[in-house]
2 protein chains.
Amino acid sequence: MSSLRDAHDFEQPCPIRDVLDRIGDQWSLLVLSTLESGTFRFNTLLREIGDISKQMLSRTLKQLEQDGFVTRTVYAEVPPRVEYTLTDLGRSFLQPMQHLVAWADENHRTIVDARAHYRASR
Amino acid sequence: MSSLRDAHDFEQPCPIRDVLDRIGDQWSLLVLSTLESGTFRFNTLLREIGDISKQMLSRTLKQLEQDGFVTRTVYAEVPPRVEYTLTDLGRSFLQPMQHLVAWADENHRTIVDARAHYRASR
DNA sequence: CGGTATCCTTATCGATACTG
DNA sequence: CAGTATCGATAAGGATACCG
């Protein structure tokens with residue numbers, strides 16, 4: 001296993017950078033966590049998330065599909081039905097993310113306080 | 001502890017979003033992991049990381065300082081000496097990140113393969 | 001229904017010159 | 001030495017009209 005520091009390698013594709021690109025964007029993580037509770041159609045997902053535009057949902061799902069986090073299934077019906085669900089990879093990815101969420105919950109106050117203190121000391 | 005999904009709350013500052021903003025950018029995580037091995041001066045950090053501009057290093061360090069991940073110490077000397085080091089918060093943050101790095105290492109091949117497969121199926 | 005294309009705005013990144 | 005200011009390039013995000 002490489003450390004965070006070792007991951008800084010310019011000569012070849014970097015695992016942690018690929019992962020960060022996927023969670024660093026605005027919507028990927030939210031889409032993944034929404035899909036955690038089951039299979040969704042496009043417009044259902046749109047309503048479920050609420051404040052995402054169909055443009056961004058479309059882009060995000062396509063990326064997640066490309067990287068193997070999400071499966072897209074098209075049913076040959078009229079009107080068309082398309083369903084999205086997590087792959088094993090997508091599901092397994094949410095495990096390490098739980099650690100991060102837990103950390104964020106535990107330490108958010110410290111961060112907020114640090115910001116307030118910083119501003120106060122200007 | 002809130003789930004990823006619960007963290008999607010538009011009405012108030014979101015812990016996980018604050019954290020993602022910090023790791024989603026280009027340099028924060030790399031700076032933090034570099035500082036893991038000790039205390040560094042500005043220009044040393046610049047050389048150590050190698051491909052970061054002083055502009056970006058400056059901005060990144062300031063953000064990390066604001067959020068309480070990093071301590072900035074100025075020594076009243078000529079020429080000036082400024083040292084950066086991790087706070088307890090900064091150090092503790094790297095713990096959950098190790099899970100993510102481990103996951104990235106284990107699953108990077110699957111992601112790369114998924115991308116290749118996706119492109120092949122166009 | 002499930003998208004894509006278009007266009008626009010904003011945020012991020014980066015090089016470089018300059019400063020205390 | 002340790003930055004900040006300025007400027008330009010590029011990418012990300014978003015509203016909306018259109019399409020199969």
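In what follows, chains are A, B, ... by sequence order, proteins preceding strands, each numbered from 1. All values reported here derive from a predicted model rather than from experimental measurement.
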With DNA chain D as reference, determine whether A:K54 or A:P80 sits nearer its 5' end, using the nearest nucleotide of each. A:K54
When the nearest nucleotide of DNA chain D is assigned to A:D25 and to B:V82 on a heavy-atom basis, which residue is associated with the more 5' position? B:V82
Of the listed nucleotides (C:dG3, D:dC1, C:dC13), which one gets closest to any side-chain atom of A:R72? C:dG3
Checking only heavy atoms, does the side chain of A:R59 share a donor-acceptor pair with the base of D:dG14 at less than 3.5 Å? yes
Nearest of D:dA15, C:dG3, C:dT16 to any side-chain atom of B:Q55? C:dT16
Modelled atom types, side-chain donor and acceptor of A:T110 and A:D113, under 3.5 Å: no
Looking at C:dT4, I'd like to know if its phosphate oxygens (OP1 or OP2) sit under 4.0 Å from a side-chain N or O belonging to A:S58. yes
Here the distance between atom P of C:dG3 and atom CG of A:L45, to the nearest Å, is 10 Å
Quick one: CG on A:L29 to CZ on A:F93, what's the gap to the nearest 0.5 Å? 6.0 Å
Please give the angle, rounded to 10 degrees, between the axes at the start and the end of the helix from C:dC1-D:dG20 to C:dG20-D:dC1, where five pairs define each axis. 40°
Flag for A:R59-A:Q55: side-chain donor and acceptor within less than 3.5 Å: yes
Can you tell me if B:T87 uses its side chain to pair, donor with acceptor, with the backbone of B:G68 under 3.5 Å? yes
